[in-house]
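Since the structure comes first, as structure tokens, the remarks are kept for the end.
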Amino acid sequence: METASATDVRSEAGSKRSAIPIGRRMGRCWQLYVLLALPVVYILLFKYYPMYGAQIALKNYVASNGITGSEWVGLKHFIRFYHSYEFGKLIKNTLLISVYSLLAGIPFPIMLALSINYVKNKKFKKTTQMITYAPHFISVVVMVGIILEMLDPRNGLINVIIRGLGLETVNFMAKPEYFSSIYVWSGIWQNVGFSCIIYLAALSGVDPSLHEAAVMDGATKFRRMLHIDLPSIIPVMVILLILNTGNILDLGFEKVLLMQNPLNLRTSEVIDTYVYKVGLASAAMNYSYSTAINLFKSVVGLILLVAVNQLAKKAKQESLW
Amino acid sequence: MEHSTIKETTADRWFNGMNYLVLTVFLLLVLYPLVYIVSASFSEPSAVLSGKVWLYPVNPTLEGYMAVFQHKLIWSSFRNSIFYTVAGMILNVAMTVAAAYPLSRKDLYGKNVVMFLFVFTTMFSGGLIPSYLLVKGLGMLNTVWAIILPGAMGVFHVIIARTYFKTTIPDELLEAAQLDGCNDFRFVLKIVIPLSGPIIAVIALYSAVGYWNQYFNALIYLKDQELFPLQLILRDILVQNEVDSSMLTDLKEEAKREGVRELLKYSLIVISSLPMLAVYPFVQKYFIQGVMIGSLKG
């Protein structure tokens with residue numbers, strides 16, 4: 001009885017929906033708008049107001065005049081950045097570190113996922129997953145602390161090993177040429193487990209009948225892995241790769257900042273750290289110039305992201321899911 | 001994948017062997033640095049400095065932990081971090097549910113506009129300085145609000161919570177409740193929230209980890225050492241290598257002081273990761289769920 005009346009009400013509401021004026025429709029669920037109010041205020045204040053404030057990139061910001069009161073200078077700061085000595089270096093470092101970590105980060109989670117997928121012993125499987133996921137939750141500060149301890153020129157583990165082999169110890173953090181590798185490989189160490197979760201999910205969706213058929217045809221496990229499992233996760237890999245390309249300008253800025261020292265600055269200075277230094281951490285703080293660099297990055301990033309999302313949509317349509 | 005009925009060939013047994021080998025290598029590579037740090041933190045300072053520590057603690061001592069214990073700032077910042085984490089977590093869960101449930105409702109007029117408003121912020125932002133000026137303008141510099149409020153809600157969390165509500169709360173439930181005269185507030189409180197344990201756990205955990213691990217906001221917004229979160233103190237000690245020797249005990253010899261300083265770092269790494277590691281095995285499945293629900297949308 002009750003269910004029947006419920007469906008009646010719904011079909012009635014469905015057919016009449018277009019006829020009901022917007023005001024009444026909104027009024028009927030006013031409580032939802034009350035719920036939504038605080039989050040919307042939060043977003044407007046903490047996300048959109050700074051976008052409005054980003055206009056100081058086109059002004060000479062003076063604290064006493066405020067954001068709106070400062071004088072317009074047009075593209076001056078952008079042009080200054082474009083012509084500055086730092087421009088090429090920042091773009092190069094940012095892209096190099098990003099692309100490096102993007103590409104080097106692909107094979108290991110896949111290998112790990114394929115491997116875990118073939119483990120029969122449940123306990124071993126669980127333990128492996130638990131241990132390899134764990135480093136993901138180490139904070140950036142502690143992670144960099146670990147890196148510095150391990151690479152310490154005098155008593156770090158790596159140099160102790162190098163000395164043990166009778167070789168010359170290396171002060172890794174002082175060598176600009178090692179910076180990107182240290183950044184990337186410590187990142188892989190930290191995230192290999194966690195990134196493999198999504199591949200494991202894709203693998204659990206593989207149709208078992210494919211495997212059965214392959215076994216009938218005499219395929220070994222290795223062949224099945226190569227010809228059934230691997231192809232089934234390639235679409236996921238492609239989509240992740242495409243999507244991550246959209247964020248290529250956003251590398252782990254907090255980690256880079258912590259790993260920087262005066263000796264490796266040549267290769268470790270990226271756009272975000274420079275923005276921070278120009279804006280907040282230098283003796284001659286320049287809010288407008290810093291914001292201009294930041295805005296340049298945000299706009300390029302947005303264009304990339306939109307382009308890449310279009311591409312991902314296409315790839316998704318072409319792939320199985 | 002279970003294929004227990006299928007008889008394994010020699011090639012398959014080789015494969016299994018290789019597979020376990022590969023996994024063991026992965027496991028050791030991930031595990032070894034962690035084990036080394038724990039062992040080093042319990043070893044005698046001179047043994048760590050001379051590289052005698054390999055796998056297990058050498059001449060076990062608690063000196064490093066004593067040094068951490070005596071460092072006043074570490075404890076006050078530890079307390080601060082717990083406060084920031086708990087407050088931020090509660091705020092995040094409340095805000096996320098408040099945003100995600102209305103947006104999951106089909107009959108909410110204008111939900112697409114709001115959704116776009118939210119999602120756009122993940123693609124574009126005003127940047128560091130305008131955000132800083134906002135926090136400054138609101139008078140929140142050097143207050144706890146500067147740490148808690150700017151991250152009060154994550155748009156990504158809203159998206160996954162919305163997907164969850166859409167797929168797990170049936171329309172019929174809402175209709176039945178409405179027929180019984182239940183309003184939306186009560187429906188959220190009495191039905192949506194009790195039915196959403198897993199997603200609330202996911203959001204609570206991810207935001208807790210976020211607050212516990214963040215240091216950058218504290219770096220730019222806080223001046224008072226009494227307000228510092230643990231991560232900022234850790235940065236000074238682990239990364240900037242600034243250990244105020246007066247914070248340590250009255251060690252006479254410089255060499256010993258140097259040793260304890262090293263040990264303090266290892267002990268700190270262990271202690272600061274302890275809260276996370278203690279709960280991690282029990283909540284691991286929620287983190288994985290988070291990735292899964294997130295990928296549904298992605």
Answer with side chain, backbone, both or neither: which region of [X] has an atom nearer than 4.5 Å to a non-hydrogen atom of chain A?
X	answer
B:Val155	side chain
B:Leu133	side chain
B:Tyr109	both
B:Leu268	neither
B:Leu234	both
B:Phe187	neither

Top of [options] for chain B proximity - count of heavy-atom pairs under 4.5 angstrom:
options	value
A:Thr132, A:Leu305, A:Leu112	A:Leu112
A:Val160, A:Leu200, A:Asn294	A:Asn294
A:Gly279, A:Ser298, A:Gly53	A:Ser298
A:Leu257, A:Val192, A:Asp152, A:Asn261	A:Leu257
A:Leu114, A:Asn121, A:Leu157	A:Leu157
A:Ile67, A:Thr220, A:Ile56	A:Thr220

If I take atom [atom1] from residue [X] and atom [atom2] from residue [Y], how far apart are they, to the nearest 0.5 angstrom?
X	Y	atom1	atom2	answer
B:Ile129	A:Tyr276	CD1	OH	10.0 Å
A:Phe46	B:Leu134	CZ	CG	5.5 Å
A:Tyr33	B:Lys111	OH	NZ	9.0 Å
A:Gln31	B:Arg186	CD	CZ	11.0 Å
B:Leu31	A:Ile131	CG	CD1	5.0 Å
A:Gln129	B:Lys285	CD	NZ	14.5 Å

Shortest non-hydrogen contact from [X] to [Y]?
X	Y	value
A:Cys29	B:Arg105	CB-NH2, 4.3 Å
B:Pro150	A:Tyr42	O-OH, 2.6 Å
A:Met130	B:Tyr280	O-OH, 2.9 Å
B:Gly126	A:Ala54	O-CB, 3.7 Å
B:Tyr215	A:Glu254	OH-O, 2.9 Å

A:Lys297 meets the salt bridge (Lys or Arg N to Asp or Glu O under 4.0 Å) criterion, sequence neighbours left out, with A:Asp250, A:Asp272
- [ ] Would you please test B:Tyr266 and A:Glu149 for side chain to side chain donor-acceptor pair (under 3.5 Å) and show each step?
- [x] CA-CA 8 Å; B:Tyr266 288 111; A:Glu149 284 304 300; 3.2 Å; yes
Could you pull out every donor-acceptor pair under 3.5 Å between side chains of residues 135-146 of chain A and any protein atom, sequence neighbours left out?
| unit_1 | atom_1 | unit_2 | atom_2 | d |
| --- | --- | --- | --- | --- |
| A:His136 | ND1 | A:Asn191 | OD1 | 2.8 |
| A:Ser139 | OG | A:Val142 | N | 3.2 |
| A:Ser139 | OG | B:Gln231 | OE1 | 2.7 |

Which class fits the ring pair A:Phe222 and B:Phe15: parallel under 30°, tilted 30 to 60°, perpendicular over 60°? tilted
Should the pair A:Phe124 and B:Tyr20 be assigned to parallel (<30°), tilted (30 to 60°) or perpendicular (>60°) ring geometry? tilted
Which atoms of [X] are under 4.5 Å from chain B, going by heavy atoms: the side chain, the backbone, both sets, or neither?
X	answer
A:Tyr52	neither
A:Tyr133	both
A:Leu36	both
A:Ile116	both
A:Leu45	both
A:Met259	neither

Counting heavy-atom pairs under 4.5 Å with chain A, which one of [options] comes out on top?
options	answer
B:Val188, B:Leu149, B:Leu103	B:Leu149
B:Met153, B:Met18, B:Lys136	B:Met153
B:Val209, B:Ile37, B:Val22	B:Ile37
B:Phe185, B:Phe26, B:Trp14, B:Phe118	B:Phe185
B:Asn183, B:Val114, B:Leu34	B:Asn183
B:Ser272, B:Gly110, B:Ala152	B:Ala152

- Query: Is there a side-chain contact between A:Trp189 and B:Pro33, using heavy atoms and a 4.5 Å cut-off?
  - Reply: yes
Next on the checklist: Under a 3.5 Å distance rule, please check whether B:Asp12 uses its side chain to pair with a backbone N or O of A:Lys221 as donor and acceptor.
Outcome noted: yes
Would the distance check show the side chain of B:Tyr132 and the main-chain N or O of A:Leu280 forming a donor-acceptor pair, the cut-off being under 3.5 Å? no
### Query
Do you see a donor-acceptor pair shorter than 3.5 Å between the side chains of A:Ser115 and B:Asn19?
yes
* To do: Would you please test B:Phe124 and A:Lys47 for side-chain contact (heavy atoms from CB on, under 4.5 Å) and show each step?
  => CA-CA 9 Å; B:Phe124 188 80; A:Lys47 306 289 172 181; over 6 Å; no
* To do: Step by step, work out the side-chain contact (heavy atoms from CB on, under 4.5 Å) result for B:Leu238 and A:Leu258.
  => CA-CA 10 Å; B:Leu238 295 176; A:Leu258 289 170; over 6 Å; no
Where do A:Met150 and B:Tyr36 land on the side-chain contact (heavy atoms from CB on, under 4.5 Å) test, with the steps shown first?
CA-CA 10 Å; A:Met150 290 288 160; B:Tyr36 175 80; 3.4 Å; yes
